[in-house]
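In what follows, a single structure is set out as structure tokens and then discussed.
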There are 4 protein chains.
Amino acid sequence: MSPRTVDVDRKKLLIIGNAFNVFRENGYANTKMSDIAEAAGISKGTIYLYFKSKEELLAKALETMLHLIQEKAYGQLEAIQDSEERLREFIHVFMGVFQEVAGVIGLLMEAISSDRLKVGDMEERSYLAGAYRNAINRVEAMLREGARRGVFREIDFHTSAIILVCMIDGLQIPYAISSDLVDIEKAAKVVEEMVFRFVK
Amino acid sequence: MSPRTVDVDRKKLLIIGNAFNVFRENGYANTKMSDIAEAAGISKGTIYLYFKSKEELLAKALETMLHLIQEKAYGQLEAIQDSEERLREFIHVFMGVFQEVAGVIGLLMEAISSDRLKVGDMEERSYLAGAYRNAINRVEAMLREGARRGVFREIDFHTSAIILVCMIDGLQIPYAISSDLVDIEKAAKVVEEMVFRFVK
Amino acid sequence: MSPRTVDVDRKKLLIIGNAFNVFRENGYANTKMSDIAEAAGISKGTIYLYFKSKEELLAKALETMLHLIQEKAYGQLEAIQDSEERLREFIHVFMGVFQEVAGVIGLLMEAISSDRLKVGDMEERSYLAGAYRNAINRVEAMLREGARRGVFREIDFHTSAIILVCMIDGLQIPYAISSDLVDIEKAAKVVEEMVFRFVK
Amino acid sequence: MSPRTVDVDRKKLLIIGNAFNVFRENGYANTKMSDIAEAAGISKGTIYLYFKSKEELLAKALETMLHLIQEKAYGQLEAIQDSEERLREFIHVFMGVFQEVAGVIGLLMEAISSDRLKVGDMEERSYLAGAYRNAINRVEAMLREGARRGVFREIDFHTSAIILVCMIDGLQIPYAISSDLVDIEKAAKVVEEMVFRFVK
DNA sequence: AATGAATGAGCATTCATTCAT
DNA sequence: TATGAATGAATGCTCATTCAT
């Protein structure tokens, strides 16, 4: 029989998922490799079979998880044809997503401010910037499409998209400080109304 | 206040100001006490004459600097009577402030996510939450006052205030990722328009 | 001997030979078991089927290879009857040998100084000391035989044998530092002349 | 009063001396920084105030100690005018030196074979090669001077010097294996006679 | 027997904090 | 009060060894 075999990608994903959560909860600097190992139910050394260093693990974890999250979120919007409906759904989906991955903004900020993420052949911060641009582009496209259809008015699509994304991201902050500072339901309602009063 | 006390306070402020900047630029975990000492032109040991630990220094630095910044910012608004004008100015002042102290959001998020800030007799995160609540209260008061005067419409004042603060805070994020992701001027314009279309 | 035993011995020798070379080139501490496995074209785990530990492998490798090398070298001298000729040949053969296994002295010294070699039921360093004594004894016998035949003069045979061996071993050192520090041809000539001027 | 002050060079020398001895006794790889710290009566961290890394410490220790040893040894020879006497003294001094620093050859070999010593701005192995060349040059000069004075005969001075140095260095090897393999007194006598029969 | 994935003890190094001056 | 040398706990990472297949 063949010796022990592993599905490398599955294992990497196991590690990445746990690393992502532990990093998110405790911050990068405050997370020990052994914490991640424990969370993943493996040993410290094993992590190093799949990732060169803590930094690489962070980078890969952010890259992978942000990608997965975005894919999942955008997937939900794909089917919706109506411009208004789609924008409305975008707001709700993303506010939900950010509740799920509470703390990710903090992790990102720590990663950025401590110049982590210069890993491997990736350009520094590029995929982060990429994820951001991606989100903005999606929103921008939605707004533009709505305008083309005559549902939305003509505005500075790009900047408006940025603001919309920032509104939602920004909500992470009070939420992180103390989750009772903000009532997500009410917030969603206000964001929605604010956005629609603006775009229409 | 005795001259002695003044001296002590002056020194504390010297340390705090430098600590704040170094923390903001490099993140908490990435900052060494010796970096702060060097920035302040004193020796490492001296810091410990004024602050018990790195954590306390962070807490005091955030507390003090956030307070100073808010005071300064709110001071500028005090004089303005007109509700609309005041709200408009609020947006511009705070977007300016956050450019000045770029990175502070990252520091806050790091501090929060790594459970720093549980220092001494302060309740955890209380002054951060306090600062946040303070900002929100100010905005809320502005909106409410405007409504009372019949300039603004009746809305969910509290939640709206939160969203407004989050829009501005949220802009820190793309700015931190890569300062050319966002054009502050245009952003201010859109934020302003969005807010006014909403409140009026 | 059963075919089974032959197989085992063949495999052990495969591992030993490769281990010897890798150890010699990189030093003991600097050699990973995986390096040896790779050199031998087998897997890491397999080594442990034949050797208890890295230390045992080193010990066995040194023991076996030194033995083989000595056998081969002494074999070449066996046939020579003439005392002078034999001594001359000894010098050349051993200087050649040490060029072939450059670095072995370093490995020995490392092994000795780090108290490796205390393996299993072997007495510490005994076979190393044994190999050394063996070499010295051979030379001593040559000198003594030459004296008996009236070709060499009466000297302190034992100590002289030691010195002769040390001269040749000692040449390994500059050779290891930088192979261009010493011209082997010229060195052989001088050693030969020095020895013959002494023994005659 | 001024704060605690140290004589940096004295402290470095304290560390270097202890490091040299511990390295010499146990080998580089087998020596923990804490061993050195303990030997020097200081803490691990303190070593890093004076040396960047274990490798740098090894390099500096070898460089410094070899230099000191050579200076001391050559100093003893300086006064001696007579060529024969000086050469004789050289042999005895160096055989004594190598007894004092028994194991240094092993350390050197380990350092060389594991490519340690590439530290800082020093060229790899250069000072080791330098120390070797220095020793050889001294001997060569002695032989040449003796020949000039008509006391020694004309020989291949350079190669002869190498051989002489190697004889003495080579004695380190059996001595390291088991100090009773070689009787230093007798060895010195034989070396002396062998050398003098050769050079005269 | 052979494999190579998994383990975890071990160690170099960093840096917040202390303390002698 | 101020200093900066000294400390040692803490942690990333390596690699000999084990073990499931």
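Chain identifiers are assigned alphabetically (A, B, ...) following the order of the sequence lines, protein sequences preceding nucleic acid strands; residue numbering begins at 1 within each chain. All values derive from a computational prediction rather than experimental measurement.
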Toward the 5' end of DNA chain E, which comes first, D/Gly45 or C/Ile42, by nearest nucleotide?
C/Ile42
Which of the following nucleotides, F/dA2, E/dA16, F/dT17, is nearest to the side chain of C/Lys54?
F/dT17
Protein-nucleotide distance (A/Lys32, atom NZ; F/dA9, atom C1'), rounded to Å
11 Å
From the candidates F/dT17, E/dT13, E/dA6, the one with an atom nearest any side-chain atom of A/Tyr50 is E/dA6
Would you mind telling me which of E/dA12, E/dA2, F/dA2 lies closest to the side-chain atoms of B/Leu49?
F/dA2
Paired with F/dT18 by Watson-Crick or G-U wobble geometry, both distances under 3.5 Å: which nucleotide is it?
E/dA5
I need the NZ-P distance between A/Lys12 and E/dA5, as an integer number of Å.
12 Å
Check the phosphate of F/dC13 against A/Lys52, side-chain N and O only, distance under 4.0 Å to OP1 or OP2. Yes or no?
no
Polar side-chain contact B/Lys44-E/dT17 base: donor and acceptor under 3.5 Å
yes
Which listed nucleotide (E/dT7, E/dA16, E/dT13) is nearest to the side chain of D/Met33?
E/dT13
Report the distance from atom CG of D/Asp35 to atom P of E/dC11, rounded to the nearest whole Å.
8 Å
Could you tell me if the side chain of D/Asn21 sits less than 4.5 Å from the side chain of D/Val101, heavy atoms only?
no
Once you round it to whole Å, what is the distance between C1' of E/dC15 and CD1 of B/Ile36?
12 Å
Side-chain contact test, heavy atoms from C-beta onward, threshold under 4.5 Å: evaluate it for D/Met33 versus D/Leu57 and give yes or no.
yes
In whole Å, what is the span from the CG atom of A/Asn30 to the P atom of E/dC15?
15 Å
When the distance from CD of D/Glu38 to C1' of F/dG8 is rounded to whole Å, what number comes out?
14 Å
Length of the line joining A/Tyr48:OH and F/dA16:C1', which is rounded to integer Å:
18 Å
Specify the residue among C/Ser34 and B/Ser43 whose closest nucleotide of DNA chain F lies further upstream toward the 5′ end.
B/Ser43
Can you find a pair of side-chain heavy atoms, one from C/Ile36 and one from C/Phe23, that are under 4.5 Å apart?
yes
Are C/Lys11 and C/Ile42 close enough that some pair of their side-chain heavy atoms sits under 4.5 Å apart?
yes
My understanding is that a pair needs two contacts under 3.5 Å, Watson-Crick or G-U wobble. By that rule, which nucleotide pairs with F/dC13?
E/dG10
From CD of A/Glu56 across to P of F/dC13 the rounded distance in Å is 10 Å
For A/Tyr28, does the six-membered ring have the charged nitrogen or CZ of A/Lys54 within the cation-pi criterion, i.e. under 6.0 angstrom from the centroid and within 45° of the normal?
yes
Is the phosphate of F/dA2 approached by B/Thr46 (side-chain N or O, under 4.0 Å from OP1 or OP2)?
no
